[in-house]
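Remember, it's a predicted structure, so these values are computed and weren't measured experimentally.
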Amino acid sequence: MKPYVIIVEFTIKPGGMPQFMPLMLENAERSLRDEPGCRRFDVLTGEDGRVILYEIYDDEAAFAAHCKAPHFHRFDEASRPLVASKRVERCTLFNYVPATAG
């Protein structure tokens, strides 16, 4: 089975980034630490102030478990007033090539 990928794009309300980022980073850390099916959780920022997540899960069921996790619900509730818009894209990783040491 190919990994399941989620890309989330947040537009943060003006002045909200200092409050949003610690919440997001804690959510990412807990997802990687506490969820066996979460393989990757990258947090990126765009030049225009957007926050983009790149998440890889073992499968769709692992992502569903993420959405039910207590830490996710805490993040979602605390960050909601800071978010102007949110877009979620579900993908299947077509060409998975593990990184090599070198």
Self-check item: pair Tyr54-Val5: side-chain heavy atoms closer than 4.5 Å
Solution: yes
Exercise. Tell me yes or no: between the side chains of His71 and Asp34, is some donor less than 3.5 Å from an acceptor?
Key: no
Self-check item: CA sep, side-chain torsions, deciding dist, call: Glu35, Tyr57, side chain to side chain contact (heavy atoms under 4.5 Å, CB included)
Solution: CA-CA 9 Å; Glu35 299 174 26; Tyr57 296 89; 3.8 Å; yes
Quiz item: Is a salt bridge present between Asp42 and Arg40, judged by a nitrogen-to-oxygen distance below 4.0 Å?
Solution: yes
Quiz item: Closest approach of Ala28 and Val43, non-hydrogen atoms and distance?
Solution: CB-CG2, 4.0 Å
Quiz item: Checking side chain to side chain contact (heavy atoms under 4.5 Å, CB included) for the pair Lys86/Val8: CA distance, chi angles, key distance, verdict?
Solution: CA-CA 7 Å; Lys86 175 181 172 182; Val8 184; 4.1 Å; yes
Practice problem: Decide side chain to side chain contact (heavy atoms under 4.5 Å, CB included) for Ile7 and Cys91; before the verdict, give the C-alpha distance in whole Å, the side-chain angles of both, and the deciding distance to 0.1 Å. | Solution: CA-CA 8 Å; Ile7 300 170; Cys91 308; 4.1 Å; yes
Exercise. Begin from the C-alpha positions of Phe10 and Phe20 and carry the test ring pair (Phe, Tyr, Trp, His ring centres under 6.0 Å) through to its verdict.
Key: CA-CA 10 Å; Phe10 293 94; Phe20 181 82; 5.1 Å; yes
Self-check item: Co-membership, hydrophobic cluster, residues Leu25 and Val83, 4.5 Å side-chain
Solution: yes
Quiz item: Taking a hydrophobic cluster as the set of Ile, Leu, Val, Met, Phe, Trp and Tyr residues connected by side-chain heavy atoms closer than 4.5 Å, whether directly or through intermediates, do Ile6 and Leu23 fall within one such cluster?
Solution: yes
Quiz prompt | From CA spacing to verdict: side chain to side chain contact (heavy atoms under 4.5 Å, CB included), Phe41, Met24 | solution = CA-CA 10 Å; Phe41 198 121; Met24 174 49 65; 4.0 Å; yes
Quiz item: If you take all heavy atoms of Pro18 and Gly15, which pair is closest and at what distance?
Solution: CD-O, 3.5 Å
Quiz item: Closest approach of His66 and Ser31, non-hydrogen atoms and distance?
Solution: CE1-OG, 3.2 Å
Self-check item: From CD1 (Ile12) to OG (Ser79), nearest 0.5 Å
Solution: 7.5 Å
Quiz item: If two hydrophobic side chains count as joined below 4.5 Å and joins carry through other members, does Val51 share a cluster with Val88?
Solution: yes
Self-check item: 4.5 Å side-chain heavy-atom contact, Phe63 and Arg90
Solution: yes
